[in-house]
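Naming convention: chains lettered A, B, ... in sequence-line order (proteins, then strands); numbering from 1 in each chain. Nothing here was measured: the structure is a model prediction, and the numbers come from that model.
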2 protein chains.
Amino acid sequence: MAPSIQRDRRADTRERILAAAAEVFAENGFAGAGVDEIARRCGVNKAMLYYHVGDKQTLYTAVLVRNIDRAREVIEAALEAARDPEERLSAMLRALTTIVREAPAYHRLVLREMASGGAHLEHEVLLRFVAIVGLTRRVMEEGRAAGVFRDLNPFLIHLLLIGGVIATAAQPLRRRLVESGLFAPEQQPDAPGDPAEFLVDVILNGIRSPASGGVVS
Amino acid sequence: MAPSIQRDRRADTRERILAAAAEVFAENGFAGAGVDEIARRCGVNKAMLYYHVGDKQTLYTAVLVRNIDRAREVIEAALEAARDPEERLSAMLRALTTIVREAPAYHRLVLREMASGGAHLEHEVLLRFVAIVGLTRRVMEEGRAAGVFRDLNPFLIHLLLIGGVIATAAQPLRRRLVESGLFAPEQQPDAPGDPAEFLVDVILNGIRSPASGGVVS
DNA sequence: TTAGTTATACTAACCGGTAAGTTTTTCTAT
DNA sequence: ATAGAAAAACTTACCGGTTAGTATAACTAA
């Protein structure tokens with residue numbers, strides 16, 4: 001029962017809207033993002049945008065839900081492919097780094113929500129954030145049970161992972177700093193190696209239980 | 001010559017404007033912050049705000065410069081009071097945590113600039129950010145020279161410190177999450193202990209050279 | 001017919017910035 | 001010391017432009 005062509009068109013339009021909205025929200029924040037600009041950027045009439053998605057807040061929530069869900073899928077896939085807790089934590093760091101680099105708009109929205117105290121986050125979105133905290137919690141508890149991780153507050157660990165990954169892997173501000181030419185040549189903040197491997201190195205060493213071996217690299 | 005009464009008044013007015021502006025910019029971002037709202041909140045007429053400080057961008061830069069300078073003073077004082085590199089890095093983490101908690105508006109502005117890629121940062125501000133990176137760099141190089149720290153990219157270390165501290169010590173989003181009642185009771189993300197000591201524990205262990213002793217706590 | 005689509009135009013509210021004029025403080029000349 | 005000029009601080013009211021959201025009318029394709 002259904003004109004699948006039309007349904008595909010509908011889904012495709014919605015997709016283009018959400019992608020453009022993610023960019024504009026990321027660049028300018030909720031207040032700074034213009035609905036006209038979003039419509040213009042994805043080649044969709046503004047009225048059509050309201051027809052397909054809804055008002056600005058609804059659009060914003062839809063963008064976040066879509067991105068969080070994709071992120072959770074990536075993280076879960078990475079966790080399932082890893083065997084022991086150490087590998088799982090490394091996999092998580094690498095997955096988070098990948099998400100930051102390949103879906104740059106998303107982490108910028110997260111940063112903005114951290115700044116605003118979640119002013120524009122609806123229940124639906126909060127729920128999904130909490131679910132992702134649960135993934136880190138599980139890894140940490142498995143590691144502690146196996147004796148390879150120290151007994152550390154998993155919520156703080158989660159925040160450290162998120163904050164560390166976003167700060168080290170994010171490109172926009174780093175680009176701005178490098179382009180400003182303010183760094184001395186020998187400081188070379190660009191080409192800082194893979195942030196993911198750096199984080200795996202430092203954070204895993206920081207979390208590891210002393211019994212299970214010290215610094216590897 | 002000494003129009004000290006008026007000069008004090010002038011300085012005080014400017015101070016009140018900058019304090020209110022910091023809050024409003026932190027809450028709503030550059031685009032979302034209303035000049036009227038800032039004026040209202042500090043009890044200063046809007047035209048007077050333009051008279052004392054300047055337009056919105058000038059005001060924003062003034063807020064950032066003031067907060068970065070204060071932050072650098074706090075960090076430098078903490079570093080000077082510490083003896084060896086390990087103490088210095090711990091002192092830096094504690095100082096950063098204090099800054100996040102006692103001047104909550106500032107780190108929210110930093111988060112917003114990380115999100116926007118420094119879209120509203122003028123040269124004056126970038127310069128100061130780079131100077132703070134230099135503080136971390138110095139500590140790391142001293143530690144490496146003394147053989148107590150591993151050879152890690154100091155720029156990435158700096159980003160990890162900033163990101164880790166802001167993510168773990170920031171209150172606004174955490175409050176929102178806790179108030180949403182989405183966490184199971186046993187997860188208790190509130191009362192997570194002192195984030196500063198948590199970070200000193202994890203990150204210092206992650207950075208320490210294997211030769212200089214392993215996990216302490 | 002009907003759902004999707006476009007283009008245009010409208011509204012009501014808001015926002016950054018300014019002009020013009022008033023009051024207060026400080027400086028200066030006598 | 002004090003009148004009066006000069007400078008600084010302040011208020012009110014307003015302007016031009018933008019924005020979220022809606023309405024309408026015409027068009028397209030299933």
Side-chain angles (χ1 to χ4, degrees), chain A residues 1-64 109 112 116 119-120 122, chain B residues 1-64 109 112 116 119-120 122:
Chain A
M1 49 135 159
S4 72
I5 293 168
Q6 207 165 86
R7 202 156 51 194
D8 285 356
R9 271 175 68 86
R10 187 183 174 83
D12 177 68
T13 301
R14 191 185 155 90
E15 203 62 28
R16 292 209 333 273
I17 293 171
L18 291 186
E23 279 183 26
V24 178
F25 280 128
E27 286 168 17
N28 308 106
F30 184 82
V35 177
D36 290 280
E37 167 70 10
I38 294 171
R40 193 193 57 74
R41 210 180 281 199
C42 59
V44 163
N45 190 279
K46 182 163 73 151
M48 224 45 222
L49 192 153
Y50 280 87
Y51 175 81
H52 276 287
V53 186
D55 67 7
K56 199 181 181 182
Q57 174 63 57
T58 306
L59 174 56
Y60 186 69
T61 298
V63 167
L64 278 175
L109 299 178
R112 287 215 141 88
S116 76
H120 303 287
E122 293 179 351
Chain B
M1 49 141 147
S4 72
I5 292 170
Q6 204 165 90
R7 203 155 50 198
D8 285 358
R9 270 175 67 86
R10 187 182 172 82
D12 177 69
T13 301
R14 192 185 154 89
E15 204 61 28
R16 292 211 331 274
I17 293 171
L18 291 186
E23 280 183 25
V24 177
F25 280 129
E27 287 168 17
N28 308 105
F30 184 83
V35 177
D36 291 279
E37 167 70 9
I38 294 171
R40 195 193 57 72
R41 212 181 281 199
C42 59
V44 164
N45 190 283
K46 180 166 71 154
M48 229 35 226
L49 191 154
Y50 279 85
Y51 175 78
H52 278 287
V53 187
D55 67 7
K56 198 180 181 181
Q57 174 64 58
T58 306
L59 174 57
Y60 186 69
T61 299
V63 167
L64 279 175
L109 298 178
R112 287 217 140 88
S116 77
H120 303 287
E122 293 180 351

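Straight-line distance from the CZ atom of A/Phe25 to the P atom of D/dA20: 9 Å, rounded to whole Å. Distance CG (B/Asp12) to P (D/dC10): 10 Å, rounded to an integer number of Å. Atom OH of B/Tyr51 is separated from atom P of C/dA20 by 18 Å (rounded to the nearest Å). A straight line from NZ of A/Lys46 to C1' of C/dT5 spans 16 Å, rounded to a whole angstrom. Distance, A/Lys56 NZ to D/dT18 P: 16 Å, rounded to whole Å. As a whole-Å value, the separation of A/Tyr50 OH from D/dT19 P is 12 Å. In this structure, A/Phe30 places its CZ atom 9 Å from P of D/dA20, rounding to the nearest Å. Taking atom CG on A/Leu49 and atom C1' on D/dT22, their separation rounds to 14 Å, with Å as the unit.
Listed nucleotides D/dA9, C/dA7, D/dT11 differ in distance to A/Ala47; the shortest reach to its side chain belongs to C/dA7. Comparing D/dT11, C/dG16, C/dT5 by their nearest atom to the side chain of B/Asp36 picks out C/dG16. Ranking D/dT11, C/dT6, D/dC10 by closeness to the A/Asn45 side chain, first place goes to C/dT6.
A heavy-atom distance below 4.5 Å is not found between the side chains of A/Phe25 and A/Leu64.
Using a 4.0 Å heavy-atom criterion, one finds that A/Ala33 contacts the sugar-phosphate atoms exclusively.
For A/Thr13 and C/dT5, the shortest distance from a side-chain N or O to OP1 or OP2 is below 4.0 Å. Between D/dC10 and B/His52, a contact under 4.0 Å exists linking OP1 or OP2 to a side-chain N or O.
Using modelled atom types, one side-chain atom of B/Arg112 and one backbone atom of B/Ala26 make a donor-acceptor pair closer than 3.5 Å. A distance-only check finds no donor-acceptor pair linking the side chain of B/Arg41 to the backbone of B/Ala20 [under 3.5 Å].
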### Message
What verdict does the salt bridge (charged side-chain N to carboxylate O under 4.0 Å, His left out) test give for A/Asp36 and A/Arg40, after you've listed the backbone C-alpha separation in whole Å, the side-chain angles of each residue and the deciding distance to 0.1 Å?
### Response
CA-CA 6 Å; A/Asp36 290 280; A/Arg40 193 193 57 74; over 6 Å; no
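By the 30° and 60° cut-offs, the orientation of the rings of A/Phe30 relative to A/His120 is parallel.
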